[in-house]
Amino acid sequence: MVSRVEHPAAGYRKIFDSVEELNEAIPAEVIGTIPSWLGGSVLRMGPGLFEVGGEPLNHLFDGQALIHKFDLKDGGVTYHRRFLRSDAYVRAMTENRVVITEFGTAAFPDPCKNVFSRFFTYFKGIEVTDNCSVNIYTIGEDFYAVTESNYITKVDPDSLETLKKVDLCKYLSVNGVTAHPHTDTDGTVYNIGNCFGKNMSLAYNIVKIPPAQKDKSEPLEKSKVLVQLPSSERLKPSYIHSFGMTDNYFVFVEQPVKINLFKFLSAWAFTGATYMDCFESNYSMGTWFHLATKDPPDYLNSHRFRTSAFNIFHHINTYEDQGFIVVDLCTWKGHEFVYNYLYLANLRQEWEEVKKAAVNAPQPEVRRYVLPLDVHRVEQGKNLVSLSYTTATAVLHPDGTVWLEPEVLFSGPRLAFEFPQINYSQRSGKKYSFAYGLGLNHFIPDRIVKLNVQSKETLTWQEDECYPSEPMFVAKPGATEEEEEDEGVLLSVVVKPGAQRPAFLLILDAVDLKEIARAEVDAIVPVTLHGMYRHPRTEQNNQDTS
């Protein structure tokens, strides 16, 4: 049972305040004892500057990218942060205004230009943001800060220096890719993005980037499109934030939140619309599950899976079992776009107003869907799912579609289990037991939750006026047996406004969510979205790729 907590002091508003970067790392005060095997770095991305030139940025995803690092060494911890030197940031600082349109904030006109020069600036085309504030992961031996556009930014994980802006369009036929790739044990990276397909219709490309090359060449130069999936609407692709992958299959969930391409190409270019203005919902579409094989790569167009409408941002895990593909997701009921509720004006309200707004938002649920690989083995109208441990169903309809109904693994009134993590190196694409997530209470992050996806039991870490971030699982070295799936720790950056040291790196035992240690710093840390753990010895990473 997950408790309800009120936040009358509204301390959560501090995680949406602008901060300054640090000139050098600052020491943390460690309370407890950090495990001797735990070292390396915790790298996190998030917004850190929420206004430019006295004008506010509107949406949570508009804040300029700030990279954070907690270094763990010999039982001690230091904290460092720097702003990403993206074109969006550098130009905003130089001109003291928003120069490149962000997710929910339109670029301000240059006061030095007259109306004609502004018109021709717009006419030249859309300038896509490179504000890579969402996640950080590796390609080959390099580290990249990413968002969901075609731009990724190479960074130095030691100094946090910005090294190089990379345009993925130079290497791949995609308009952008998700901030949640999947990574094989050999370092091969898979991702998905939308693209123009045949006859100028929209499609979705699954791409493959090879691991570090022996000849030290750039892996991106050898990247390729593996397989293309069709879009249900020709000029309105669905919003993609993540996807599923097993040893043999890719799973793409096509949701009813759509990008109106006409608005994107015309209205924005001429009237100063934002990314958010280009989204719309197709309430009649429902949600489609697309399936493709990995080797050889092929789209399975004979498998047409459909269910009722929901928003999807994060996959938890996807695996094969006895002729079925099990897909566990963090969902939000209905077709309305959840990002409509993540404007900063909403998130910074007093607690009672935050709750009122959240009542109107889609309801979150953790759901399990089961996709049968043999869709014609029983007669129409019968449940195709024969797995004994789930109540999820799949029924073949006369038109050839398979209608899916989920099993609900977690649900609470206005309480989301989001930003999910698993023991990725051991359990990604395989049957598993445990997921770890950030608890969002009316969109405010106020707890860490461990979910047993088999028993549906939960454990919770929570502390008064504390606001944690996505928990990252780090396996204890040598913990490879099945019964040791949760043998390790969870790492989360927590903000506690009003405390003497108002932020800390929290270290929990992943088995029982009991606190092992915390490393407190004399600095407020704004909200972080995703990140990774960088191992101290082999530099192999337990990445956030759920």
Side-chain angles (χ1 to χ4, degrees), residues 61 148 178-180 192 194 204 229-233 236-245 250-260 276 279-291 303-318 324-342 357-372 385 390-395 397 401-420 435 437-443 449 451 453 456 546:
F61 302 143
E148 295 179 327
T178 79
H180 294 284
I192 186 171
N194 58 55
Y204 311 96
L229 314 178
S231 172
S232 62
E233 290 189 75
K236 293 181 181 179
S238 288
Y239 174 68
I240 318 169
H241 192 78
S242 63
F243 66 107
M245 187 178 82
F250 299 106
V251 176
F252 165 53
V253 180
E254 189 179 23
Q255 64 177 315
V257 175
K258 295 286 186 173
I259 303 170
N260 187 316
M276 281 295 293
F279 287 108
E280 59 185 44
S281 295
N282 182 346
Y283 66 89
S284 64
M285 169 190 159
T287 304
W288 291 88
F289 286 68
H290 296 271
L291 200 57
H303 292 60
R304 302 175 62 217
F305 301 103
R306 192 184 183 196
T307 190
S308 55
F310 62 78
N311 279 204
I312 165 68
F313 305 104
H314 298 116
H315 286 242
I316 301 174
N317 198 17
T318 305
F324 299 92
I325 296 181
V326 179
V327 186
D328 291 350
L329 307 170
C330 297
T331 70
W332 299 76
K333 294 180 184 178
H335 59 86
E336 186 187 2
F337 198 21
V338 172
Y339 287 177
N340 291 337
Y341 294 86
L342 299 184
V359 166
N360 298 317
Q363 168 68 19
E365 278 186 347
V366 176
R367 294 179 177 179
R368 168 166 289 176
Y369 289 89
V370 178
L371 282 55
V385 180
T390 182
T391 58
T393 62
V395 176
H397 284 200
T401 61
V402 177
W403 185 265
L404 306 175
E405 288 291 346
E407 176 185 8
V408 176
L409 302 181
F410 177 89
S411 182
R414 307 300 158 195
L415 183 63
F417 178 97
E418 263 290 357
F419 295 83
L438 180 64
L440 302 181
N441 179 6
H442 296 77
F443 292 108
V449 181
L451 171 64
V453 298
K456 303 182 184 179
S546 58

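If you read the sequence from its start, that first residue is 1, and numbering goes on from there.
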Subject >> Residues in ring pair (Phe, Tyr, Trp, His ring centres under 6.0 Å) contact with H290, at least two apart in sequence or another chain >> reply: F252, Y299
Original post:
Do V402 and H303 come within less than 4.5 Å of each other through their side chains, counting heavy atoms only?
Top reply: no
**OP:** Just say parallel, tilted or perpendicular for the rings of F410 and F417, cut-offs at 30° and 60°.
**Re:** tilted
Original post:
Is the ring centre of Y339 less than 6.0 Å from the ring centre of Y239?
Top reply: yes
**OP:** Any chance you could measure F243, atom CZ, to H180, atom NE2, to the nearest 0.5 Å?
**Re:** 11.0 Å
Original post:
Does any non-hydrogen side-chain atom of F419 lie less than 4.5 Å from one of C330?
Top reply: no
Subject >> Gap between atom CG of L371 and atom OG1 of T318 - 0.5 Å precision >> reply: 9.0 Å
Subject >> Short side-chain to backbone donor-acceptor contact, E418 and L440, under 3.5 Å >> reply: no
Original post:
Which heavy atom of P364 sits nearest a heavy atom of S411, and at what distance?
Top reply: O-OG, 4.1 Å
**OP:** Output, in order, the C-alpha distance, side-chain angles, deciding distance and verdict of side-chain contact (heavy atoms from CB on, under 4.5 Å) for Q255 and H241.
**Re:** CA-CA 10 Å; Q255 64 177 315; H241 192 78; 5.9 Å; no
Original post:
Can you find a pair of side-chain heavy atoms, one from L409 and one from I316, that are under 4.5 Å apart?
Top reply: no
Original post:
Any idea which heavy atoms bring G286 and P256 closest together, and the distance?
Top reply: O-CD, 3.4 Å
Subject >> CD on E148 to CD1 on I240, rounded to 0.5 Å >> reply: 9.0 Å
Original post:
Can you list the steps and then say if E254 with M285 is a side-chain contact (heavy atoms from CB on, under 4.5 Å)?
Top reply: CA-CA 10 Å; E254 189 179 23; M285 169 190 159; 3.6 Å; yes
Original post:
Just by modelled atom types, is the V359 backbone N or O under 3.5 Å from a matching donor or acceptor in the R414 side chain?
Top reply: yes
**OP:** Grab the two heavy atoms, one from F305 and one from L404, that are nearest each other, plus how far apart they are.
**Re:** CB-CD1, 3.8 Å
**OP:** Ignoring hydrogens and angles, tell me if any N or O in the side chain of N311 forms a donor-acceptor pair with the backbone of V338 under 3.5 Å.
**Re:** yes
**OP:** Decide yes or no on side-chain contact (heavy atoms from CB on, under 4.5 Å) for F250 and L291, but give the supporting numbers first.
**Re:** CA-CA 6 Å; F250 299 106; L291 200 57; over 6 Å; no
**OP:** Please answer whether the main-chain N or O of I312 pairs with a side-chain N or O of T331 as donor and acceptor at a distance below 3.5 Å.
**Re:** no
Original post:
Taking the six-membered ring for Trp, are F443 and W332 parallel (under 30°), tilted (30 to 60°) or perpendicular (over 60°)?
Top reply: parallel
Subject >> Minimum heavy-atom distance between V257 and S281, given as atom pair plus value >> reply: CG2-OG, 4.3 Å
Original post:
Can you find a pair of side-chain heavy atoms, one from E407 and one from V370, that are under 4.5 Å apart?
Top reply: no
Original post:
Looking at H335, E233, K236, which one forms a side-chain hydrogen bond (donor to acceptor under 3.5 Å, both in side chains) with N282?
Top reply: E233
Original post:
Hey, are the side chains of N340 and M276 touching, using non-hydrogen atoms and a 4.5 Å cut-off?
Top reply: yes
**OP:** Keeping the roles fixed (side chain from T401, backbone from R304), state whether a donor-acceptor pair exists under 3.5 Å.
**Re:** no
Original post:
Would you find a donor on one side and an acceptor on the other, under 3.5 Å apart, between the side chain of T287 and the backbone of S308?
Top reply: yes
**OP:** Answer whether the closest heavy-atom distance between the side chains of F310 and P362 falls below 4.5 Å.
**Re:** no
Original post:
For the side chain of Q363 and the backbone of G412, is there at least one donor-acceptor N/O pair under 3.5 Å apart?
Top reply: yes
Original post:
Are V366 and D328 close enough, and set up right, to give a side-chain contact (heavy atoms from CB on, under 4.5 Å), and what steps lead you there?
Top reply: CA-CA 7 Å; V366 176; D328 291 350; 5.6 Å; no
**OP:** Compare all side-chain heavy atoms of R368 with those of P406 and state whether any distance is below 4.5 angstrom.
**Re:** no
Original post:
Between CH2 of W403 and OG1 of T307, what distance do you get to the nearest 0.5 Å?
Top reply: 5.0 Å
Original post:
Which distance, rounded to the nearest 0.5 Å, do you find between the CG of N317 and the CE of M245?
Top reply: 10.5 Å
Subject >> F313 vs S242 side-chain heavy atoms within contact, under 4.5 Å >> reply: no
